[in-house]
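What you see below is based on every heavy atom in this structure, not just the backbone, and it leaves out hydrogens, waters and symmetry mates. This one's a predicted model, so the numbers in the text were calculated from it and none came from an experiment.
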Amino acid sequence: MDIRKIGIGAVALTAAVTGGYRMNQNHLKKVSLADMHENADVVFDTDSADTYSYGQGSLDPMDAISYVNTDYDYTLTADTDSIDLSKLGSTTVTYTLTVTDQYGQQDTRTFSKVFTVEDDEAPVITLNQDAVGLVKGTDYDPASNIASVTDNADQNVTYTLDGSVDSNTDGVYSINVKATDSSGNEAETFFIVTVSDDQNTADKVQSAVTAAMADSASTSDVSSAAASAQSAAQASAQQAAQ
């Protein structure tokens, strides 16, 4: 028997087995890689909102993740550490999911979620008085009755006055005030100005009108409320002036 032939055959058999093993390993690794990519997924929490109200504090974008759907080892990171709730606007957070299989192969996928911080709070209008009593002939600017107009997010809120006062003519005047912040939130209110012949009458009318406005039914419709208050003020002014 030729020993050399036996040796060559053994080497050939070993090479064939090794080659087959490598081919099988490569196939398994290829299947594993495809499986990692196909099945790895980030599932967002359905209770996690997309839009948040303006305010203090911050939001951890990782809290929006419900779970990662994979059977492999993984790491999940976000390109933003926190969402600042005191800054209006939208932020797109990109999440990077890296999955590793038993062969040390890695597959990376990215997911994104948009977080929006918006101002949904109306400005606050504060008046000096709900009812103002004037003596006829007194110079008067209705804007002087605006104590302040503030907003939770906007430092420079604009406001408008609708109505005018003829301080040379006895009567009851309604002034509507409307404020709008940069996000479009609106607030409205009104006040009543009465013009009388003398200070004593003006003081009595102002007290009567204030009481009439306090007793009047409230309504979300500022125009209707102002008209109703003006009618009540007219009757109170006439009664107080007698």
Side-chain angles (χ1 to χ4, degrees), residues 49 51-58 83-91 115-196 199 201-238 240:
T51 302
Y52 296 83
S53 297
Y54 173 91
Q56 299 302 311
S58 61
I83 306 297
D84 189 348
L85 296 178
S86 67
K87 292 183 178 180
L88 297 175
S90 297
T91 300
F115 295 83
T116 301
V117 179
E118 65 178 22
D119 174 20
D120 53 9
E121 189 173 326
V124 176
I125 303 171
T126 303
L127 303 175
N128 289 315
Q129 296 174 301
D130 292 329
V132 179
L134 295 179
V135 175
K136 187 162 59 176
T138 302
D139 290 334
Y140 180 70
D141 179 5
S144 64
N145 194 40
I146 309 298
S148 65
V149 179
T150 59
D151 187 69
N152 64 319
D154 196 344
Q155 299 301 314
N156 298 303
V157 188
T158 61
Y159 70 90
T160 58
L161 299 178
D162 183 17
S164 60
V165 177
D166 182 357
S167 59
N168 293 312
T169 303
D170 290 351
V172 179
Y173 305 89
S174 176
I175 305 296
N176 282 28
V177 186
K178 183 176 182 179
T180 306
D181 65 19
S182 58
S183 296
N185 300 304
E186 297 180 347
E188 289 186 78
T189 189
F190 69 94
F191 59 95
I192 300 297
V193 179
T194 58
V195 179
S196 305
Q199 188 64 58
T201 302
D203 291 342
K204 289 194 298 181
V205 169
Q206 182 173 346
S207 296
V209 170
T210 300
M213 292 178 67
D215 292 338
S216 63
S218 61
T219 174
S220 58
D221 184 347
V222 172
S223 298
S224 297
S228 176
Q230 189 170 9
S231 297
Q234 186 73 51
S236 298
Q238 291 175 351

Under a 4.5 Å cut-off applied to non-hydrogen side-chain atoms, are Ile125 and Phe191 in contact? no
So, do Ile175 and Val165 sit near enough that their side-chain heavy atoms are less than 4.5 Å apart? yes
Take Val195 and Asp166 through the test side-chain contact (heavy atoms from CB on, under 4.5 Å) and record every step on the way to the result. CA-CA 8 Å; Val195 179; Asp166 182 357; over 6 Å; no
Sorted by chain and residue number, the side-chain hydrogen bond (donor to acceptor under 3.5 Å, both in side chains) partners of Thr91 (sequence neighbours excluded) come out as none
Do Asn145 and Gln129 touch side chain to side chain, with heavy atoms closer than 4.5 Å? yes
I need the minimum non-hydrogen distance between Ser196 and Val205, along with the two atoms involved. OG-CG2, 3.7 Å
Please list, one pair per line, the donor and acceptor atoms closer than 3.5 Å that link side chains of residues 154-164 to other protein atoms, with sequence neighbours excluded.
unit_1 : atom_1 : unit_2 : atom_2 : d
Asp154 : OD1    : Asn156 : N      : 3.1
Asp154 : OD2    : Ser182 : N      : 2.8
Asp154 : OD2    : Ser182 : OG     : 3.2
Thr158 : OG1    : Thr180 : O      : 3.4

Sequence neighbours excluded, which residues qualify as side-chain contact (heavy atoms from CB on, under 4.5 Å) partners of Ser207? none
Please report the C-alpha distance between Asp170 and Lys136 in whole Å, then the side-chain angles of each, then the deciding distance to 0.1 Å, and finally whether the side-chain contact (heavy atoms from CB on, under 4.5 Å) criterion is met. CA-CA 7 Å; Asp170 290 351; Lys136 187 162 59 176; 3.4 Å; yes
Locate the shortest heavy-atom distance separating Leu88 from Ser183; write the atom from each residue and the value. CD1-OG, 4.0 Å
If we only count heavy atoms from C-beta on, is the Pro142 to Val193 side-chain gap below 4.5 Å? no
Report yes if the side chains of Val172 and Ile192 come closer than 4.5 Å at any heavy-atom pair, otherwise no. yes
Of the non-hydrogen atoms in Tyr54 and Ser86, which two are nearest, and what is the gap between them? CE1-O, 3.1 Å
Roughly how far, to the nearest 0.5 Å, is the CD1 atom of Ile83 from the OG atom of Ser58? 9.0 Å
Within-4.5 Å side-chain heavy-atom neighbours: Asn185 and Glu121: no
Do Ser167 side-chain atoms and Thr138 backbone N/O form a donor-acceptor pair below 3.5 Å? yes
Under 4.5 Å between any side-chain heavy atoms of Tyr140 and Val132, yes or no? yes
Could you walk me through whether Thr51 and Asp120 satisfy the side-chain contact (heavy atoms from CB on, under 4.5 Å) test, starting with their C-alpha distance in whole Å, then the side-chain angles of each, then the deciding distance to 0.1 Å, before giving a yes or no? CA-CA 11 Å; Thr51 302; Asp120 53 9; over 6 Å; no
Smallest heavy-atom separation, Glu186 atom then Pro123 atom, equals C-CD, 4.1 Å
So CG of Leu85 and CD of Glu118: to nearest 0.5 Å the spacing works out to 12.0 Å
Locate the shortest heavy-atom distance separating Ser90 from Thr116; write the atom from each residue and the value. OG-OG1, 2.9 Å
Are any side-chain N or O atoms of Gln206 and backbone N or O atoms of Ala131, one a donor and one an acceptor, separated by less than 3.5 Å? yes
